[in-house]
Each structure stands twice: as structure tokens, then as C-alpha cells.
Asks: 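Here it is, the structure in full.
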Amino acid sequence: MNQDMRGHTFWFWLLGITGAALAMRLIFIDRPSFWIDELYTVMHTTRLGDGNLTKQFGYIPTLISLSLAGALPERSLSENPELWSSLGVTHTLVRLPSAVIGTLTVLLLGWLSRGVIGARAALWFAAFLCVAVWHLHMSQTGRFYVQQLLFYNLGFLLYFRATTIGSLPKLALSMLMLFLGFMSQPPALILGGVIFFDWLLQARTRNPKRLTIPAVFVGAVAAAACFGVLAYDVVQRTDEWQKFGDATSQRWDIIVAGAVWLIGPAAAFVAALGWLRILQRDRRLAVYLGFGAGLPILAMAVLAVTGQFVHVRYTFIALPAWLMLAAAGVVRDDKSTPLDLIGRFRTLAPALLVVIASLLQCLTYYTGANGFRPAWRDAFAYVDERLAPGDIVDGDDHAYWQGRYYFGQDSTLLEVKGTDLWKLLDAAEQRIWIIDKGGAGGVTRWQTLPDRANLQWYFDARALQPFSTVRVFLYEPDRIDTE
């Protein structure tokens with residue numbers, strides 16, 4: 001898969017793409033409202049050391065960001081988001097570590113992929129990753145997903161390279177990356193499955209460069225480390241794992257369709273064509289990238305069928321494999337002359353399709369899609385401007401946390417779920433503002449709320465993003481009594 005390109009030319013383009021990636025990840029980084037999990041990131045960062053061992057490493061970048069800015073809340077304030085804003089906790093500070101890591105992902109994976117898919121394909125891969133809306137979104141999200149993606153795919157590329165050239169140091173380093181990816185988020189263990197399938201297929205070749213025997217020992221050490229930590233968490237912190245059993249999971253078809261949409265339909269289509277092209281040149285690489293692209297999605301779909309808590313975001317680690325397939329597929333071996341415009345356009349057309357389609361998704365993300373997040377900040381600002389003395393604000397647990405941060409207080413915000421809302425309305429003698437987000441339970445509430453309260457404000461992200469609607473209702477006892 002090698003394509004001729006001088007080293008300084010490669011680095012000129014790769015650094016340029018990296019600079020563009022950084023700019024895209026910093027633009028409007030503070031505009032979207034907090035996702036509820038970003039507030040949980042701050043909470044867990046303030047009490048680092050508690051909870052699952054497998055979730056500690058993922059909060060270290062946030063710890064560094066908040067500490068350097070002097071905005072890290074004390075441990076005693078871990079569940080007091082109403083005070084965080086006054087301490088300096090901002091959208092930018094919480095998301096900045098992900099933006100930096102996301103930018104480094106473009107640089108490091110673009111560099112390492114050169115030895116796997118070739119120089120020109122590596123640059124296209126870096127460009128595709130730069131403009132991928134899923135990567136942009138996760139790079140502007142204060143969680144550990146882009147960190148997990150980085151270590152997971154460093155291990156993914158290092159293993160293939162190590163077992164292509166016969167490098168023991170690279171093999172050991174790939175297992176270290178697997179472990180760090182696992183410590184960022186446990187689903188990174190899927191990489192072990194990808195590597196195992198490749199090992200099984202290569203064990204029969206008896207090629208010494210495949211490092212078949214050393215891979216067994218190094219892999220066993222990595223597996224023991226990962227499963228040892230996992231077992232400790234499950235046994236010693238059962239309650240931390242039990243809460244996932246009560247969470248609402250996504251269906252398998254939502255996971256598959258969501259992954260394709262977030263990868264980008266154009267990128268997925270070109271990746272499928274790229275896989276067929278790579279299969280003709282390098283069967284092992286085609287199978288390896290195919291496993292890397294498909295296994296995370298398949299694993300999450302199977303877990304969804306069995307009733308486990310899963311979400312499409314857990315398949316995010318597969319994104320680079322899809323984009324590498326697309327990049328390798330758009331690079332042709334034939335060399336068109338500068339005057340052969342039709343030939344050059346035919347070569348560039350698939351790559352331009354991916355880039356233009358991805359940029360359109362990014363434009364939607366920046367504008368009408370509100371960063372793929374519900375407009376909590378706008379909703380609470382609307383209510384705050386209209387609150388009268390004695391008014392009550394009601395919402396579920398998500399609205400409760402969001403309201404305490406954006407209001408800067410919690411005295412007026414009640415946490416009322418499900419049918420308890422109707423009991424509150426029946427007994428109320430004052431106005432009640434109801435913040436309702438579409439989702440598990442939210443949809444049921446807003447469909448019946450218009451019979452009891454007036455819809456005051458409405459926001460719906462203009463993108464294919466589930467559960468992104470926020471509605472503000474106002475219950476007025478005097479109005480009800482006079483009707």
C-alpha cells in the first residue's frame with residue numbers, strides 16, 4: 001500500500017490538516033449547552049479515586065484542565081453544580097482537553113497510518129478524520145470517548161505494523177495502548193477481539209514477522225491486566241455496575257443506523273468500495289480493517305439484543321477504521337498527467353464526496369443541530385427571565401442538574417419524575433414551570449402536558465439526533481380554575 005511521497009511533503013500536508021482540525025474543534029466550543037454526562041465528568045473529577053478503577057484514567061485530562069485554571073471544585077462540592085460556575089467551571093474548560101486530544105488524534109493516527117495504508121492514503125485519512133462530524137462532536141465533548149479512540153487506534157495500528165515488519169517493541173507498545181484505551185473506557189477491549197481474529201488467520205502462515213509466539217505472551221499480559229482490573233471493579237464496586245442495568249439502552253437497529261449516520265453515509269459508502277479495492281491488493285489488510293470497522297458495531301448490536309446497556313457512542317472507536325478504508329480506496333495506483341483532467345477528477349471524486357458531505361454535516365452540527373445537544377442553557381435562560389416570586393421549576397434528574405448549574409441555585413428547582421408531576425400539579429397553588437426533554441419518559445409527559453399547562457418555549461435540534469427536544473410548559477392554577 002506504499003505510495004511515493006517525500007517525508008517533508010507528507011509532514012507539510014499532515015501538519016496543515018492538523019492545524020485545520022484544531023481550528024474546527026475550537027470554533028464554537030462553548031456554544032452548545034452542557035450534556036448531562038459532561039456535568040458528571042466534573043463531579044467525578046472532583047472526587048477522583050472513588051468509583052470504578054476503569055473510569056479514573058478518563059478523568060485525568062479534565063483534572064489537569066480545571067486545576068491549571070484554578071477552577072477545580074473541592075471534593076465536598078462534587079454534587080453542588082449551582083456553585084461550579086462561580087468557581088470558574090465553564091463549557092470551554094470542560095471540553096478543552098477533548099479538543100486537544102482530538103487534534104492529536106488526527107496527527108498521530110495520520111502519522112502511524114502511513115506505514116499501514118501508504119503516505120497519500122494516510123493524508124486522505126487524516127483529512128477525513130479532520131472533517132468527520134462524529135470526531136468533531138466528541139472532540140467538543142467533555143468526556144473520555146476521544147481519549148479512548150486515540151489509545152484504541154494507536155494499538156490497532158501499532159499491532160498491524162509490528163506484525164508486518166516483525167517489531168517486538170511495537171508489539172509491546174500496541175498492548176500498552178490497548179490497556180490505556182481500556183482504562184479510558186472498558187469497551188476498548190473489543191480491540192483484543194480484532195487482534196485475536198488476525199492472529200488466528202496469521203498463525204497458519206508461519207511467517208516469523210507475524211510474531212505469532214511473542215504475541216501470545218504479550219497479549220496474555222495485556223489481557224490479564226485488563227480483566228484483572230475489570231474483575232476487581234465488578235467484585236468490589238458492584239453498585240457502580242448495577243446502575244447500568246437500570247439504564248435505558250438503544251435497540252440494535254438504532255445502533256447500526258446511528259453508527260452509519262455518524263460515520264457519514266458518504267464515507268461508509270466509499271469505505272465499502274475501498275474494502276473491495278484493498279482486498280485485491282492486500283488480503284490481510286482488508287480483513288484487518290474490515291474487522292476493525294465492523295466488530296465494534298456488531299458487538300454493541302449483539303449486546304443490545306441480549307438486553308445489556310449499550311449506546312451508539314460505544315461504537316465511536318470504529319470510526320478510524322472506516323475512514324482508513326475510505327482513504328485507501330480513493331488512492332489509485334495509476335498516475336494521471338496534469339493535462340488529463342477527466343482522469344484526475346475521476347480519481348478525486350470519491351475523496352471530494354466524503355469531504356464535502358462531511359463538511360455539510362459539520363455545518364449542520366455548528367448551526368441548527370446545536371452541537372448535537374439539547375438547548376438546556378436557552379431553556380433555563382427563558383425561564384429565569386420570567387420567574388416570579390413563589391414560582392416552582394420542575395424537571396427530571398437531567399433538568400435538575402442542568403438547572404442548578406445554569407440558575408446558579410437549587411432552591412426553586414424540584415426533581416419530580418413521572419406520575420408524581422400530576423400530584424404536584426393537583427396540589428399546587430403557585431405557578432409551575434416544567435422543563436421537559438424528549439426521551440425515556442419525557443415524550444409521554446409532553447404529549448399529555450398540554451391538557452394541564454401551556455407550552456411556552458420549544459427547541460428541536462435540526463438534525464437526525466434523538467431525544468434533543470426541550471420544551472418549557474407553564475402551569476397556572478388561576479387559569480385552570482377559570483376554565
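Every heavy atom of this structure was used, including side-chain atoms; hydrogens, water molecules and symmetry mates were not.
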Asks: How close do Arg251 and Ala304 get, counting heavy atoms only, and between which atoms?
Replies: C-CB, 4.1 Å

Asks: Kindly indicate, with the supporting measurements, whether the criterion side-chain contact (heavy atoms from CB on, under 4.5 Å) is fulfilled by Val229 and Met183.
Replies: CA-CA 9 Å; Val229 173; Met183 292 299 290; 4.0 Å; yes

Asks: Looking at Phe156, Phe196, Trp199, which one forms a ring-ring contact (aromatic ring centres under 6.0 Å, His included) with Tyr288?
Replies: Phe156

Asks: Quick one: does any side-chain atom of Tyr366 pair with a main-chain N or O of Met24 as donor and acceptor, under 3.5 Å?
Replies: yes

Asks: Given side-chain hydrogen bond (donor to acceptor under 3.5 Å, both in side chains), test Arg143 with Thr41 step by step and report yes or no.
Replies: CA-CA 6 Å; Arg143 291 295 273 174; Thr41 291; 2.9 Å; yes

Asks: Might you work through the side-chain hydrogen bond (donor to acceptor under 3.5 Å, both in side chains) test for Tyr152 and Gln185, ending with a clear yes or no?
Replies: CA-CA 10 Å; Tyr152 177 98; Gln185 178 75 338; over 6 Å; no

Asks: Could you check Leu180 against Leu150 for side-chain contact (heavy atoms from CB on, under 4.5 Å), going step by step and ending with a plain yes or no?
Replies: CA-CA 10 Å; Leu180 293 178; Leu150 172 60; over 6 Å; no

Asks: Between Asp282 (side chain only) and Ile278 (backbone N and O only), is there a donor and an acceptor less than 3.5 Å apart?
Replies: no

Asks: Is it the case that the side chain of Gln56 and the backbone of Gly49 share a donor-acceptor pair, with hydrogens and angles ignored and the cut-off at 3.5 Å?
Replies: yes

Asks: To the nearest 0.5 Å, what is the distance between CD1 (Ile101) and CG (Leu149)?
Replies: 11.0 Å

Asks: Might you point out which heavy atoms bring Ala126 and Val106 nearest each other, and give the distance in Å?
Replies: O-CG1, 3.8 Å

Asks: Measuring from atom OG of Ser113 to atom CG of Leu157, what distance do you get when rounded to the nearest 0.5 angstrom?
Replies: 6.0 Å

Asks: Tell me, do Thr90 and Ser85 make a side-chain contact under 4.5 Å, heavy atoms counted?
Replies: no

Asks: Rounded to the nearest 0.5 Å, what's the gap from CE on Met324 to CG on Leu129? Could you check?
Replies: 9.0 Å

Asks: Can you measure from CG (Leu295) to CD1 (Ile190) and round to the nearest 0.5 angstrom?
Replies: 6.0 Å

Asks: Do Asp233 side-chain atoms and Thr54 backbone N/O form a donor-acceptor pair below 3.5 Å?
Replies: yes

Asks: Do side-chain atoms of Gln140 reach the backbone of Gly371 as a donor and acceptor pair under 3.5 angstrom?
Replies: no

Asks: Is the shortest side-chain heavy-atom distance between Phe182 and Leu230 below 4.5 Å?
Replies: yes

Asks: With side-chain contact (heavy atoms from CB on, under 4.5 Å) as the test, would you mind laying out the steps for Thr18 and Trp111 before giving the verdict?
Replies: CA-CA 11 Å; Thr18 303; Trp111 167 53; over 6 Å; no

Asks: Are side-chain heavy atoms of Gln148 and Ile317 found at a separation under 4.5 Å?
Replies: yes

Asks: Let's go through Thr315 and Val312 carefully: what are the C-alpha distance in whole Å and the side-chain angles of both, what is the deciding distance for side-chain contact (heavy atoms from CB on, under 4.5 Å) to 0.1 Å, and is it a yes or a no?
Replies: CA-CA 6 Å; Thr315 68; Val312 66; 3.9 Å; yes

Asks: Looking only at the aromatic ring of each residue, does the gap between the centers of Trp261 and Phe372 stay below 6.0 angstrom?
Replies: yes

Asks: Salt bridge or not between Arg95 and Asp30? Use side-chain N to carboxylate O under 4.0 Å.
Replies: no

Asks: Keeping the roles fixed (side chain from Asn80, backbone from Leu83), state whether a donor-acceptor pair exists under 3.5 Å.
Replies: no

Asks: Sorted by first residue and then second, give each ring pair (Phe, Tyr, Trp, His ring centres under 6.0 Å) pair with at least one member in residues 113-136; sequence neighbours left out.
Replies: Trp124-Phe128, Trp134-Phe316

Asks: Side chains of Tyr405 and Phe380: does their closest heavy-atom pair fall under 4.5 Å?
Replies: no

Asks: Start with the C-alpha distance between Arg25 and Ser98, add both sets of side-chain angles, then the distance that settles side-chain hydrogen bond (donor to acceptor under 3.5 Å, both in side chains), and finish with yes or no.
Replies: CA-CA 9 Å; Arg25 280 141 188 79; Ser98 293; over 6 Å; no

Asks: Cys362 and Ala132: which non-hydrogen atoms are nearest, and at how many Å?
Replies: SG-C, 4.4 Å

Asks: Return yes if some donor-acceptor pair links the side-chain N/O of Trp84 with the main-chain N/O of Leu77 below 3.5 Å, else return no.
Replies: yes

Asks: Hey, are Glu79 and Arg47 close enough for a salt bridge, meaning a charged N less than 4.0 Å from a carboxylate O?
Replies: yes

Asks: Is there a donor-acceptor pair under 3.5 Å between the side chain of Asp396 and the backbone N or O of Ala399?
Replies: yes

Asks: What pair of heavy atoms forms the shortest contact from Ala293 to Ala321, and how long is it?
Replies: N-CB, 3.5 Å

Asks: Identify the heavy atoms of Ser139 and Val146 that sit nearest to each other, and give their distance.
Replies: OG-CG2, 3.8 Å

Asks: Does any N or O in the side chain of Arg114 come within less than 3.5 Å of the main-chain N or O of Ala122, such that one atom is a donor and the other an acceptor?
Replies: no

Asks: Would you say Arg377 and His91 make side-chain contact, with heavy atoms under 4.5 Å?
Replies: yes

Asks: Has the side chain of Glu38 got a donor or acceptor atom that lies under 3.5 Å from a matching backbone atom of Trp35?
Replies: yes

Asks: Do other residues, nucleotides or ligands put more than 12 heavy atoms under 6.0 Å from the CH2 atom of Trp275?
Replies: no

Asks: What side-chain hydrogen bond (donor to acceptor under 3.5 Å, both in side chains) pairs are there with at least one residue in residues 155-164, not counting sequence neighbours?
Replies: Tyr159-Asp198, Thr163-Arg284, Thr164-Arg284

Asks: Is there a side-chain contact between Phe34 and Trp376, using heavy atoms and a 4.5 Å cut-off?
Replies: no

Asks: I'd like to know whether CZ of Arg75 has more than 12 heavy-atom contacts from other residues, nucleotides or ligands below 6.0 angstrom.
Replies: yes

Asks: With rounding to the nearest 0.5 angstrom, report the CD1 to CG distance, Ile64 to Leu96.
Replies: 11.5 Å

Asks: Less than 4.5 Å apart, side chain to side chain, heavy atoms only: is that true for Val256 and Asp253?
Replies: no

Asks: Measuring from Leu191:CG to Leu154:CG, what's the distance to the nearest 0.5 Å?
Replies: 10.5 Å

Asks: Is the closest side-chain heavy-atom distance between Tyr40 and Trp401 below 4.5 Å?
Replies: yes

Asks: May I have the step-by-step check of ring pair (Phe, Tyr, Trp, His ring centres under 6.0 Å) for Phe179 and Phe151, ending in yes or no?
Replies: CA-CA 8 Å; Phe179 179 72; Phe151 289 118; over 10 Å; no

